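Below: one structure, written as structure tokens.
Just so you know, these numbers come straight off a predicted model, no measurement behind them.
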Amino acid sequence: MINNSEWKSLSQLKMDGGGVSKAVAVVACAAMALFYVAILYAPTLILRLPPPPSFKNFMIRRFICAAISSVVSVVVSALLLPMKSREASSLLGVYGIRMDHIWQAVIFPLTLTALMYGGSLVLKSLLLMSALREHMNFGGGLSFNNIKSFSEEIVACLRSIASDVLVWRTYVVAPLTEELVFRACMLPLLLCGGFQKSTVIFLCPIFFSLAHLNHLKDVYSKHNYNLTKAFLAIGLQLGYTVVFGSYASFLFIQTGNFLAPLVAHAFCNFMGLPVLVSRGKGIVSVASVAGIVGFLWLLFPMTRPELYNDRTDNCVCWQGYCSGN
């Protein structure tokens, strides 16, 4: 844990003159969002590279493009932010990349996010128990060989998942690059531009949701080229990304730690849309309601800035953004 003077030198932004203007902050964020999507198509449309020989190579190419976009966004925001120091430690602190309060930044947001999936977690547990019982009954009951066989199946399944390029995209590359660009780079710019914290929490997700419009063509073909169904599906996706983006922005601003929205993003990608009801399983609905109530009850207590930061002067926020600073 770092002391007050070290934390102050690590992460406090200093405004030079008027700092970043609102117009510059918005234009920079829009450009980052556009570049994040556009670069995915650069290899074929701009560089005229031949199509990749396999789907895995195609995804690896996209991973490289997303990484380039993230690096460019980090450099652009670093050049625009009115920082007193350009040392690496100061820059990392602005992006919430820190070595202090790591377990708080992982456990608290992950627990809070899991509450929203109370019904989903209960349903998954019931399905897992049912599958285990069927496996045991089919194999002749509970025995050492059956347990060993079931364990081997789980290990084989995990190995298959670890080598799946879509798993890496969904749970590693997408959360990492999206949180770096749409939270770590954009939020400091918007806040330094003079936007209020409440405004930024709902403004930044708009860029995040618009960056997902590139899926329109895939959704259109998936729904048998029915434009109405495609727009409904995209509308649902955009609504979900706005809601999640607001939550992730809230986590980043409150904690000042990049890990907080990152683990929440990866967990949400794993769980998908929350399950609220399940036919014949009333306990799922009860768990959903209890989880939502628990989430709303603990949202602010579990995201208090002092849980994730040492106090600096009279402000407990990571960058001095609380209390109108």
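With R304 contributing its side chain and P301 its backbone, the two residues share a donor-acceptor pair below 3.5 Å. The main-chain N or O of L262 is never found under 3.5 Å from a side-chain atom of R183 such that the two would form a donor-acceptor pair. Listed for the Y95 side chain is no donor-acceptor partner under 3.5 Å among the backbone atoms of P188. With hydrogens and angles disregarded, no donor-acceptor distance shorter than 3.5 Å links the side chain of N57 to the backbone of P52.
Side-chain contact between L81 and C192 is present, with heavy atoms from C-beta onward closer than 4.5 Å. Looking at F55 and L166, their side chains come closer than 4.5 Å, going by heavy atoms from C-beta outward. The closest side-chain heavy-atom distance from C268 to Y240 is below 4.5 Å. Using a 4.5 Å heavy-atom cutoff, the side chains of L187 and S249 are in contact. Using a 4.5 Å heavy-atom cutoff, the side chains of V76 and L189 are not in contact. Looking at T111 and L298, their side chains never come closer than 4.5 Å, going by heavy atoms from C-beta outward. Taking the side chain as every heavy atom from C-beta outward, C185 and V74 approach each other to under 4.5 Å. Side chains of S288 and P274 form no contact here, defined as non-hydrogen atoms less than 4.5 Å apart.
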F35 vs V181, side-chain contact (heavy atoms from CB on, under 4.5 Å): CA-CA, chis, key distance, verdict: CA-CA 10 Å; F35 185 64; V181 173; over 6 Å; no

Worked verdict on F108 versus T255 for side-chain contact (heavy atoms from CB on, under 4.5 Å): CA-CA 10 Å; F108 291 158; T255 66; over 6 Å; no

Candidate pair L191 and I253, rule side-chain contact (heavy atoms from CB on, under 4.5 Å), full reasoning: CA-CA 10 Å; L191 290 168; I253 292 175; 4.2 Å; yes

Verdict with supporting geometry, F208 and Y36, ring pair (Phe, Tyr, Trp, His ring centres under 6.0 Å): CA-CA 10 Å; F208 181 59; Y36 185 87; 8.9 Å; no

Candidate pair K197 and Q254, rule side-chain contact (heavy atoms from CB on, under 4.5 Å), full reasoning: CA-CA 10 Å; K197 184 171 71 172; Q254 288 292 100; 3.0 Å; yes

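The minimum heavy-atom distance between H101 and L307, with the atom names listed, is CD2-O, 3.5 Å. Closest of all the heavy-atom pairs between L80 and V20 is O-CG2, 3.2 Å. Counting all heavy atoms, side chain and backbone alike, A33 lies closest to M186 at N-CE, 3.8 Å. Listed here is the closest heavy atom pair of P109 and Q104: CD-O, 3.2 Å. Across all their heavy atoms, L110 and V263 have their closest contact at CD1-O, 4.1 Å. Nearest heavy atom pair, residue L112 against residue F295, reads O-CD1, 3.3 Å.
By the rule that hydrophobic residues join a cluster once side-chain heavy atoms approach within less than 4.5 Å of another member, F270 and L126 end up as members of separate clusters. In this structure, V26 is a member of the same hydrophobic cluster as V24, with clusters built from ILVMFWY side-chain heavy atoms closer than 4.5 Å.
Within a 6.0 Å sphere centred on CG of L49, heavy atoms belonging to other residues, nucleotides or ligands number more than 12.
Screening F244, F258, F252 for a ring-ring contact (aromatic ring centres under 6.0 Å, His included) involving H265 leaves a single residue, F244.
In this structure, the separation between OG on S77 and CG on L190 is 11.0 Å, given to the nearest 0.5 Å.
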